[in-house]
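Below: one structure, written as C-alpha cells.
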Amino acid sequence: MKNVITVKEVTKVYNPDTIPVHALRGVDLEIGQGEFTALVGPSGSGKTTLLNIIGGLDNATEGSVIINDQDIEKLSDSQIIEFRKQHIGFVFQAYNLIPVLTAKENVEFVMLLQGASQAARDARVKELMNAVGLSEHLDRRPSQLSGGQQQRVAVARALASKPRFVLADEPTANLDSKSTADLLDIMSQLNQEENITFLFSTHDQRVIDRARRVVMLEDGAVISDDTKM
Amino acid sequence: MFNTMIIKIAWRNIWRNKIRSLTVVGSIVIGVWALTFMMAFYDGFVTMYISSAVENDLSHIQIHNPEFVDEKEVKYTIDDYTELIKVLSSDNDILSFASRSLNNGMIANSKGSRGCDIRGIVPIDEAKLTRLDKKIVEGNYFDLTKKKNPIVIGKKLADKMKLKVKSKVVLTFQKTDGELISAAFKVIGIYKCTNSIFEEINLFVQQKDLGRLLEDDQMIHEIALLLKDVKQLDTVQAALASKFPQNLVENYKEISPDVNLYESQMGVITYIFIIIIMFALIFGIINAMLMAILERTRELGMLMSIGMNRMKLFLMIVFETVFIGLIAAPLGLLFGHFTVLYFSKVGIDMTEALEKVGLNEILYPTLNVESYFTITVSVVITAILGAFYPAYKAIRLKPVEAINKI
C-alpha cells in the first residue's frame, strides 16, 4: 500500500526562546492510501499539533512531512496554501462553514478556488450532497442546519476538491450520538467506496471504535499504533 | 469566476451585522451630505463674490491709460478714445460697454463730509453695463432732459450722511491742473447693490456735468465692458491689447487680485474640504472593519486553511468596504443634492454675516456635475484606503492560530 503521508522525526517546540513546551517529540508515522486512522490520546498529547503540521497549517521545529513525494516543510507560504487547496481536505471541530453561503456554495467553494468549471462543480456538489444525505438542503445556509448537518456539509466540502486525504480534528466533538453515528457512517462509506484516506484526531470512543487503525500519542510521542484486522 | 464568489461573500458579509454596517453607511452618508453642501455653499459664495464684483464694479474687462492706474491723476485719460469706441461697438463678442470719467474727491453737506469716488457716466451705457438704473431704491435714475448736476448715491453713504432724495451736496475734486473745484449737486436717486463698501464710496454723476466742470467733455479714464461669453475673456483682451498697445487692457482677475484668489483657490479649498471629511470617515471605516475581522478571525483562518490565498482574502475585505462606500455615497449625494437644490431656490440670507466684507445678499449654493463625480470617487478611494489596514491585519493572521481563536 502506497504511503500518502510520511512523518519523519517530527518535533514541535512552542516558545523555544522563553519557556519551551515540547508538543511533539520525534514522531514517526506513515499513513497509507485508503486508511481510516484515528489519532488518540489525552488533551495536550499533541494530536492537534500533529494534525496541523501534516496539514501544513503549522511548521515542525525539526523533522519532515512528506506528502505526495513533497516535503511540505520546505514549501513557501504561498506554495503551502496552493498545496493544501489541491491535496488536503479539512474537517474542523466547529464545522467552520462560511455562514453567508448556502450548503451548495460552501461545498463548491474549494472547487471555485481550484478553477473548476460550473458543470464539474454542479456534478460534484450533487454527488457529495447525496453522499452525505443532504441533497434536499442545498440552498440552506449553515444557520438553517443542525450541527450534524453542518458537519456533513463540512465533510462534503473537504472532499469536493478530490484531496489525497482528509484531516479531521475532533469532528464529532460537538455532535450528539445520532449525528456522530451518521457522520461516521458517511465517512466510513466514502473511505471504503472511494478509497479516501481519513486521519482523525479524537478522544471520542465512538470514533475510535470505528477506526481501523488507532495511533495513540502521549506527551508528544507515539506510544502505540494498532491496526484492527 | 472565483472573483464573483468573493464579491458575493463580501456583499453578504456586509449584512451579517446590519447595525454596524448601517452605522458606517450612516456616517458616510452624513459626511458626504455635509461635504456636498459645504462645497456648494463655498461655490455659491465665490460665484456670488465674483458676480457681485463683476456686476457692480469691475465688469469683465477694463481699459485705462496705464499711468492713470498707477497715479490716479485725472490728466491721464484713455488714448485714442474715438477709435476704441468704434472697435468696441463693432465687436460681436461684447455685450455692452460704458465709458467713465473718474475722480477722487469729497462729498459734503451740512452734517459733514466724506471721501468718495466720483464716477462720471453716460447713464444709458451704465444702465446697460451695470444695471444701475435697476438698483435705484429711492428716487429716480438720471433723466437726460431735466435738472442740472443730478447725483445718484449709494444707500450706505446716504444713511451715513443722512442724505435723502432732493438733498443738496457739494462735491470737491481736482482739475487736470491740480486746482480744486467745488460744485453743488442734487440727489435724485439712491442705489443699493450687493456690495455695501461699494455703496459707501461710489457715487454717480453725469459725464457731461463732470466734463463741463473739468472743462473737458472727452476726459475718459475708464472703459468697462461685459462679454457675451466669459470664455472669450482672454481672446477679446488680447485683441484689444494688441490694437491699442498704448492703453492698459486688464481683465477682472488682474484688476482685483482678491477675485482672482477666490477663483483660483476654489479647487484647492474643495480638496481641503474633501480631505478633512474623508479623513474623519476613514477612521470610522477602519474601526468597523477591524471589528468585523476580529469577529471573523476563525472564519478567515478556515478560508486560508482550505486554500484561499492572501490576495483573495485581501480583495474580499476591500470589496466589503467598497460596497459600503457605494451604498453610502449615492445616498449622501442624493441628500446633499436635494439640500443644495432647496437652498439654490430659496437661498441663504447672508446679509448680516457678510456685511463686513461688503456683501449683503442672499447666497445661492451651486454645485456642478464634476463635483458630484469628485465626491463619489473620493468616497470610493477612502473606502479602499480604509480597508487596507484591516485587510492587512487579516492576511497577517496565521491559519493555525486564527482557526483556534475562541
Side-chain angles (χ1 to χ4, degrees), chain A residues 12 14 23 48-49 51-53 55-59 76-102 105-118 120-121 141-143 154 157-161 163 166-167 169-170, chain B residues 1-21 289 291-317 319-321 323-324 391-406:
Chain A
K12 179 68 182 178
Y14 291 110
T48 299
T49 301
L51 221 57
N52 286 338
I53 289 172
L57 299 175
D58 203 355
N59 293 109
S76 69
D77 194 42
S78 56
Q79 285 173 325
I80 195 70
I81 289 174
E82 186 63 24
F83 190 85
R84 285 200 298 264
K85 184 170 75 184
Q86 300 298 344
H87 300 294
I88 309 173
F90 288 93
V91 177
F92 303 98
Q93 181 179 335
Y95 328 135
N96 285 6
L97 298 175
I98 303 167
V100 294
L101 298 183
T102 63
E105 289 165 342
N106 265 287
V107 174
E108 70 176 341
F109 186 80
V110 183
M111 296 182 74
L112 271 167
L113 285 171
Q114 290 177 319
S117 69
Q118 179 76 53
R121 294 198 315 266
R141 289 200 185 181
S143 59
R157 179 181 67 186
L159 295 169
S161 60
V166 172
L167 299 176
D169 186 15
E170 307 272 5
Chain B
M1 197 161 49
F2 183 72
N3 289 339
T4 313
M5 181 62 94
I6 287 183
I7 289 168
K8 189 187 279 183
I9 295 174
W11 173 254
R12 291 180 186 173
N13 275 339
I14 295 172
W15 306 111
R16 285 168 74 167
N17 190 328
K18 289 190 181 70
I19 291 176
R20 184 174 54 222
S21 295
M289 290 311 294
M291 287 294 291
I293 281 162
L294 193 68
E295 281 176 7
R296 285 164 25 208
T297 301
R298 184 187 282 190
E299 189 181 316
L300 296 171
M302 178 275 294
L303 289 171
M304 286 191 274
S305 299
I306 65 174
M308 188 164 173
N309 68 36
R310 295 182 196 281
M311 178 51 75
K312 286 180 170 130
L313 199 67
F314 190 92
L315 272 178
M316 186 180 79
I317 290 159
F319 272 127
E320 285 181 37
T321 54
F323 283 143
I324 287 176
Y392 173 75
K393 291 282 279 184
I395 63 171
R396 296 279 295 169
L397 290 169
K398 291 182 177 170
V400 69
E401 290 170 7
I403 209 150
N404 292 313
K405 190 101 176 174
I406 298 169

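We name chains A, B, ... by the order of the sequence lines, and we start the count at 1 in each one. No experiment lies behind these values; they were computed from the predicted model shown.
Within the 4.5 Å cutoff, no side-chain heavy atoms of A/Ile81 are placed close to those of B/Met304.
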Side chains of residues 5-12 of chain B: which donor-acceptor partners sit under 3.5 Å, not counting sequence neighbours?
unit_1	atom_1	unit_2	atom_2	d
B/Lys8	NZ	A/Glu105	OE2	2.9
B/Arg12	NH1	A/Val100	O	2.8
B/Arg12	NH1	A/Glu105	OE1	2.8
B/Arg12	NH2	A/Glu105	OE2	3.4

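Among A/Leu57, A/Thr48, A/Asp169, the residue making the largest number of heavy-atom pairs under 4.5 Å with chain B is A/Leu57. Your options are B/Glu401, B/Arg310, B/Met311, and the one with the most heavy-atom pairs under 4.5 Å with chain A is B/Arg310. Comparing A/Met111, A/Glu108, A/Arg84, A/Gln86 by heavy-atom pairs within less than 4.5 Å of chain B, the highest count is held by A/Arg84. Contacts with chain B were tallied for A/Leu101, A/Asn52, A/Ile88; A/Leu101 has the most, counting heavy-atom pairs under 4.5 Å.
With sequence neighbours excluded, the residues forming a side chain to side chain contact (heavy atoms under 4.5 Å, CB included) with B/Tyr392 are B/Arg396, listed by chain and number. Contacts of B/Thr297 classified as side chain to side chain contact (heavy atoms under 4.5 Å, CB included), with partners at least two apart in sequence or in another chain: B/Leu397, B/Ala402, B/Lys405.
Within the model, atoms CG of B/Leu303 and CG of A/Leu113 stand 8.5 Å from one another, a figure rounded to the nearest 0.5 Å.
Among the residues in residues 89-99 of chain A, those with a non-hydrogen atom closer than 4.5 angstrom to a non-hydrogen atom of chain B are A/Phe90, A/Phe92, A/Ala94, A/Asn96, A/Leu97, A/Ile98, A/Pro99.
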